[in-house]
Visitor: 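Next up is a structure, given as structure tokens.
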There are 2 protein chains.
Amino acid sequence: MASITDGRTTGTRQRILYEASNLFAARGYHATTTREIADAVGIRQPSLFHHFRSKGEILQVLLTSDLDRSVALVESAASSPGPAADRLYDFLVADVELVCGSPYNLSGVYTDEVTADPDFQPWVEKNRRFEDAIEKMVRDGIDAGEFRRVDAAFVRDAVEGILLRALMSYSGGRAAPTNLAHDVATFVLRALLVDPAAMPSRSSDG
Amino acid sequence: MASITDGRTTGTRQRILYEASNLFAARGYHATTTREIADAVGIRQPSLFHHFRSKGEILQVLLTSDLDRSVALVESAASSPGPAADRLYDFLVADVELVCGSPYNLSGVYTDEVTADPDFQPWVEKNRRFEDAIEKMVRDGIDAGEFRRVDAAFVRDAVEGILLRALMSYSGGRAAPTNLAHDVATFVLRALLVDPAAMPSRSSDG
DNA sequence: GTCTATAATTGGATAGAC
DNA sequence: GTCTATCCAATTATAGAC
């Protein structure tokens, strides 16, 4: 399961990403200094610039490492055949497992101070695709009569809020409750389903 | 309804709080400079220190202005008599209306870079009370047979995630969808209720 | 690949005039 | 209550030795 390399034990580049992610979470991206990152890694401040061109490049790598996978997951789920309830449930399980399995603490990455920065514009486009795919699944479910007639944009925000909370609490190697992924999926589906008895109770690992 | 003063139009102190909240949201607290705040207000940087002892005091006031009200709301709901479903529903409506009605953009206030800072330790204690009260209402509902046998700690996190998302999107005078508060309450209650027909459909303004 | 040294800028906060 | 002037510490990034 933990196929992603552990940021603490690999080469210097991985150590920089790992320590930087923790500092971005604790201090914010803009306020985290390259000296603090270097100190945490155990090298001198100028040595960072052998591995990354700038502080911004460190953040870009962290950003991409998580968001690219999440977008792939959600767009696959949104464009697959089958009931929206099943697709949304499976996506939620997979995405919670993804963010909880990230070796990096992504709390400092998904904040306005990063996402509003013109330097990280590619993020905005990818995140819009992420949001659009969630909203599409919700509308699919409503159109098919599986889901209540909710405001799809509101549900998309609620889902993002729940996923973001999981990311803030459990990304970066912090142990998550074993049932978290299924709890998230069940919570959201229960809120949406017209008939709660139609709850998908699949387990991909069964 | 909008009984809280508008940060743009009142005295210098209120203007500082208003502009600072927007900058904390856009750049993060630690990275926002006192010069940026002063420029936004239209005064010189040292003039800030006539109104606030330090940059940290500005944040403390923002922190307290929102959290004190939210804690009062949730603790009142948690200790009131009556069905947990009704209490939780009414609290969610009131809290969403509270954060959406805040004159300050609180996105930069409820982040790890602030809440993990030793300077703002009082926040931690108040937020724990906020979380405990939510968790208590969930357990009340489970014990009374109103709610499914969910993990109360998970539900507390999910609710916080949804409320935080509303705060990030709509605090600071940004117009929120008219039905947001009831959508939030209905979403959460639907996820929890054993019998969806028991949904509280109260409106305090009816 | 890491180091020392340093350039060029910007940070929070104070002193004291008006 | 706002201003000018200023202190001292800390910032990102580069140059060049080893």
Side-chain angles (χ1 to χ4, degrees), chain A residues 5 7-63 108-109 111-114 116-121, chain B residues 5 7-63 108-109 111 113-114 116-121 123:
Chain A
T5 53
R8 282 162 305 198
T9 54
T10 331
T12 304
R13 189 185 157 89
Q14 292 301 321
R15 301 265 328 279
I16 291 171
L17 289 168
Y18 174 76
E19 300 293 350
S21 78
N22 283 323
L23 286 163
F24 292 163
R27 290 271 308 167
Y29 163 71
H30 289 107
T32 297
T33 70
T34 52
R35 224 174 286 271
E36 288 171 319
I37 300 172
D39 285 352
V41 173
I43 58 177
R44 299 293 178 178
Q45 181 259 344
S47 302
L48 282 182
F49 293 83
H50 177 79
H51 301 275
F52 297 93
R53 254 192 293 245
S54 67
K55 192 174 90 169
E57 198 183 64
I58 299 174
L59 186 74
Q60 268 186 19
V61 172
L62 291 174
L63 214 51
V109 169
T111 60
D112 282 353
E113 74 158 311
V114 167
D117 191 317
D119 289 356
F120 307 111
Q121 196 60 21
Chain B
T5 53
R8 282 161 306 198
T9 53
T10 334
T12 304
R13 187 186 160 90
Q14 293 300 321
R15 303 264 327 278
I16 292 170
L17 289 169
Y18 174 77
E19 300 294 349
S21 77
N22 284 323
L23 287 162
F24 293 162
R27 292 268 310 165
Y29 163 71
H30 289 107
T32 298
T33 71
T34 53
R35 275 180 181 81
E36 289 173 317
I37 300 172
D39 284 352
V41 172
I43 58 177
R44 302 291 179 180
Q45 181 257 349
S47 302
L48 283 181
F49 294 83
H50 176 78
H51 301 275
F52 297 93
R53 254 192 294 244
S54 66
K55 192 175 88 167
E57 198 183 66
I58 298 175
L59 185 74
Q60 268 186 19
V61 171
L62 292 174
L63 213 52
V109 169
T111 60
E113 75 159 311
V114 167
D117 192 317
D119 289 356
F120 308 111
Q121 195 59 23
W123 183 92

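Within every chain, numbering begins at 1; the chains are lettered A, B, ... in the order of the sequence lines, protein sequences first and strands thereafter.
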Visitor: Could you report the tightest heavy-atom contact between A/Thr12 and A/Ile43, atom names first, then the distance?
Guide: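 Heavy-atom minimum between the residues: CG2-CD1, 4.4 Å.
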
Visitor: Please enumerate all residues that pass side chain to side chain donor-acceptor pair (under 3.5 Å) together with A/Glu57, with sequence neighbours excluded.
Guide: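 With neighbours one apart ignored, the set is empty.
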
Visitor: To the nearest 0.5 Å, how far apart are CD in B/Gln14 and CD in B/Glu19?
Guide: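 These two atoms lie 12.0 Å from each other.
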
Visitor: Within the structure shown, what part of the strands sits under 4.0 Å from B/Ser47 by heavy-atom distance: base, sugar-phosphate, or nothing?
Guide: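 Here B/Ser47 touches the bases of the nucleic acid.
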
Visitor: In whole angstrom, give the distance that lies between atom CG of B/Asp39 and atom C1' of D/dT2.
Guide: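 Whole-Å distance recorded here is 14 Å.
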
Visitor: Rounded to the Å, how far apart are A/Ile43 CD1 and D/dA13 P?
Guide: 14 Å

Visitor: To the nearest Å, give me how far apart CG (B/Leu48) and C1' (C/dG11) are.
Guide: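 It works out to 14 Å between those atoms.
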
Visitor: Quick check on D/dG1: is either OP1 or OP2 less than 4.0 Å from any side-chain nitrogen or oxygen of B/His50?
Guide: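 The answer is yes; a side-chain N or O of B/His50 sits under 4.0 Å from OP1 or OP2.
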
Visitor: Would you mind reading off the distance between A/Phe52 atom CZ and C/dT2 atom C1', rounded to a whole angstrom?
Guide: 16 Å

Visitor: Do the side-chain N or O atoms of A/Thr12 get closer than 4.0 angstrom to the phosphate oxygens (OP1, OP2) of C/dT2?
Guide: yes

Visitor: Partners of A/His30 by side chain to side chain donor-acceptor pair (under 3.5 Å), sequence neighbours excluded?
Guide: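 Side chain to side chain donor-acceptor pair (under 3.5 Å) check on A/His30 returns A/Glu113, A/Asp117, B/Arg27.
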
Visitor: Honestly, is A/Lys55 close enough over A/Tyr29, meaning NZ or CZ under 6.0 Å from the six-membered ring centre and within 45° of the axis?
Guide: yes

Visitor: What N/O pairs connect the protein and nucleotides 13-16 of chain C at under 3.5 Å? Give each pair on its own line.
Guide:
unit_1: C/dA13; atom_1: OP2; unit_2: B/Lys55; atom_2: N; d: 3.3
unit_1: C/dA13; atom_1: N7; unit_2: B/Gln45; atom_2: NE2; d: 2.6
unit_1: C/dA13; atom_1: N6; unit_2: B/Gln45; atom_2: OE1; d: 2.8

Visitor: Could you state the atom-to-atom distance from CZ of B/Arg44 to C1' of D/dT6 in whole Å?
Guide: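 Nearest whole value for this atom pair: 15 Å.
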
Visitor: Please tell me if the side chains of A/Phe52 and A/Arg13 come closer than 4.5 Å, counting only heavy atoms from C-beta onward.
Guide: yes

Visitor: Tell me whether the OP1 or OP2 atom of D/dT11 has a side-chain N or O from A/His30 closer than 4.0 Å.
Guide: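 No, no such contact exists.
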
Visitor: A/Ile58 has an atom CD1; how far is it from atom C1' of D/dT12, in whole Å?
Guide: 12 Å

Visitor: What is the distance, rounded to the nearest whole Å, between atom CD of B/Glu36 and atom C1' of C/dG12?
Guide: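 Result: 13 Å.
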
Visitor: When rounded to the nearest 0.5 angstrom, what distance separates CD1 in B/Ile58 from CZ in B/Phe24?
Guide: 5.5 Å

Visitor: D/dT11 C1' sits how many Å from A/Tyr29 OH, rounded?
Guide: 13 Å

